[in-house]
Amino acid sequence: MSQPTLQRRLGLVQATALNMIDMVGIGPFVTLPLVMGFMGPNFLLAWLVGAALAAVDGLIWSELGAAYPEAGGSYRFLKLAYGEQKWGRYMSFLYVWQTLIQSPLVLASGAIGFAQYFGYLVPLTEWWQPKLVAGTVVLLLIALLYRRIEDIGKLGVALWVGVLSLMAWLIFGGLTHANHPVAVLPVGGVGALPGLLISAAMGQAAVKTIYSYLGYYNVCHLGAEIKGPEKVIPRSIFLSILGIAALYLLLNWSVGTVIGWEEVRGWQAGTSDKSQFIISVFMERLYGPAAATVATGMVLLVAFASLFAVLLGYSRIPYAAAADGEFLPVFAKLHPTKHFPYVSLLLLGGVGFVFSLLFRLGEVISAILAMRILVQFVGQAVGLVLLRRRRGTGALPFKMPLYPLPVVLAIIVWLFVFAGIAPVEVSLGGVAFKLYFQVAAVGMMALGTGAFLLWSKQQGKWPYERP
């Protein structure tokens, strides 16, 4: 009996929908007031910076995704770029290693944010109550994703409609009730722009906005399940980036015209920070408590929809590595009748469940970016250059314009964001210290290197080839 394989069942609409619901999770709703607090009257600029980086990095993903539409996305790209038998094995292993930690962190961040907004509807006064809500969300996601890919594609489109409906309602509210001016250009004129772009405040704000844009590449993880991938993958990436950038800018402008950034900073400085429910407060101010309750419910639906797409895409990465013989074989198993990588889904979902009970939202967001940047984003950008030099560009279905400028820009900006991730105060056993996420990310890479060497030695592969 032949082994089940992944099926190409997702078209442009489903691929774009899954990308967009991945991007618009709880992120823009919980990071919006944080960015206002960091940037003051220039908060829209931080969202433009996030969109610009997503667009530049999207060119890299589009070229790689169209050329190599296989399950696993970055796992496959890194292996091909750095050489399938040597350094490519190492880079792709590091990526899968980090995926086992950072994808559950993404899942946990959405679940924690979900619990935060749920607290507007049902006050969660005990320490364990938000954790119960977050953990329940993760378990429900696992149950919903335990099914065929074509059913998931249909469900993804339905959730996408919910996302667009909420955003349209929020934007309409701001357009029809504007009370405060919102600066589109930098306060102080264009001459102030260079200083704003390299400021510490922009570094911290950019971490939050970029987190909210992440997901434009989700379609690459599902490459083996996309119909006509050489066209659908680049189109879905840029449709989702352009669509979400427009929605984010309009959303922030709308909220900022009703709730001024000065008021948000005042909340954040006080003992009762209403900014964590800023969308709910926004709708209550415009339409009353009933509308605020409905809007909060829709925010929760959007957050849930995003986590749905996140767990779907990331569950394909350990599967791809195991099917390639470069990770534990158990992850290569597909469900015998539903044809999806159920072991990978259950493991990542299970770790995400644990993380949702342990961490706070701000810590998770910083950890996510710190762990991704060096191996996935910077490593992949360098890898594209290597692939072009080794294989040429004649057979590429999609070629980025102005090469290599987008690659250089992407690397510089990603490293700037990496350096801008702020540390947090941590207390363990009565000892207080600063946790630098950059150091933690490098530490995880070191552990992954050790695991790779042990795995390679057991398998008799590079750098331990048996004679």
Side-chain angles (χ1 to χ4, degrees), residues 10-32 35 43-63 65-66 73 110 152-175 184 206 208-222 226-229 231-256 279 295 298-299 301-310 312-313 398 400-401 406:
L10 300 176
L12 179 61
V13 173
Q14 292 95 334
T16 305
L18 289 170
N19 264 6
M20 290 182 74
I21 63 175
D22 187 341
M23 296 167 75
V24 186
I26 199 68
F29 307 116
V30 297
T31 59
L32 187 158
V35 175
F43 63 90
L44 282 184
L45 180 61
W47 292 95
L48 286 170
V49 168
L53 178 56
V56 171
D57 195 54
L59 291 170
I60 296 171
W61 284 92
S62 295
E63 186 167 310
I152 288 173
K154 295 173 184 176
L155 184 54
V157 173
L159 293 171
W160 183 35
V161 172
V163 169
L164 296 180
S165 299
L166 171 62
M167 298 294 275
W169 189 18
L170 296 174
I171 292 167
F172 176 79
L175 290 172
V184 177
K208 308 306 180 188
T209 61
I210 290 165
Y211 164 78
S212 299
Y213 280 104
L214 294 181
Y216 50 88
Y217 44 76
N218 189 47
V219 65
C220 293
H221 301 320
L222 304 170
I226 303 296
K227 295 186 292 187
K231 293 183 179 179
V232 168
I233 288 178
R235 289 174 182 175
S236 64
I237 287 174
F238 283 99
L239 284 173
S240 57
I241 291 173
L242 292 173
I244 293 302
L247 289 174
Y248 282 178
L249 290 169
L250 285 170
L251 172 66
N252 277 267
W253 182 87
S254 296
V255 173
I279 298 301
M298 294 183 71
V299 168
L301 172 66
V302 168
F304 189 85
S306 174
L307 294 178
F308 178 88
V310 164
L312 169 66
F398 174 87
M400 71 171 65

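When a residue number appears, it is its place in the shown sequence, counting from 1.
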Exercise for review: Step by step, work out the side chain to side chain contact (heavy atoms under 4.5 Å, CB included) result for C220 and I237.
Suggested key: CA-CA 9 Å; C220 293; I237 287 174; 4.1 Å; yes
Review point. What closest approach, in Å, do A51 and I241 show between heavy atoms, and which atom pair accounts for it?
Key: O-CG2, 4.4 Å
Study note, to complete from the structure: For L175 and W253, the nearest pair of non-hydrogen atoms, with its separation, is CD2-CZ3, 3.3 Å
Check your understanding: What heavy-atom pair brings S254 and G174 nearest, and what distance separates the two atoms?
Key -> CB-CA, 3.6 Å
Review point. Short question: side chain of N218, backbone of N19 - any donor-acceptor pair under 3.5 Å?
Key: no
Revision key, fill the gap. So CG of L249 and CG of L48: to nearest 0.5 Å the spacing works out to 5.0 Å
**Study point:** Heavy-atom side-chain contact between L166 and L301 under 4.5 Å
**Key:** no
Review point. Is there a side-chain contact between W47 and T31 (heavy atoms, below 4.5 Å)?
Key: yes
Exercise for review: Determine whether V24 and Y248 make a side-chain contact, defined as any pair of heavy atoms from C-beta on separated by less than 4.5 Å.
Suggested key: yes
Exercise for review: Would you indicate whether the side-chain heavy atoms of M20 and L164 approach each other to under 4.5 Å?
Suggested key: yes
Check your understanding: Looking only at heavy atoms, what is the nearest atom pair of M23 and G215, with distance?
Key -> CG-C, 3.6 Å
Point to revise | Heavy-atom closest pair, residues F43 and N252 | key: CE1-O, 3.6 Å
Check your understanding: With a 4.5 Å limit on heavy-atom distance, are the side chains of I279 and V255 in contact?
Key -> yes
Review point. Within a strict 4.5 Å, meaning less than it, do heavy atoms of the V35 and T209 side chains meet?
Key: yes
**Study point:** Stepwise side chain to side chain contact (heavy atoms under 4.5 Å, CB included) check, W61 with I233
**Key:** CA-CA 9 Å; W61 284 92; I233 288 178; over 6 Å; no
Review point. So, do L18 and S236 sit near enough that their side-chain heavy atoms are less than 4.5 Å apart?
Key: no
Check your understanding: Does a side-chain heavy-atom distance below 4.5 Å link K227 with V232?
Key -> no
Review point. What are the two closest non-hydrogen atoms of A54 and Y213, and how far apart are they?
Key: CB-CB, 4.3 Å
Review point. Hey, are D57 and Y217 close enough side-chain-wise for a donor-acceptor pair under 3.5 Å?
Key: no
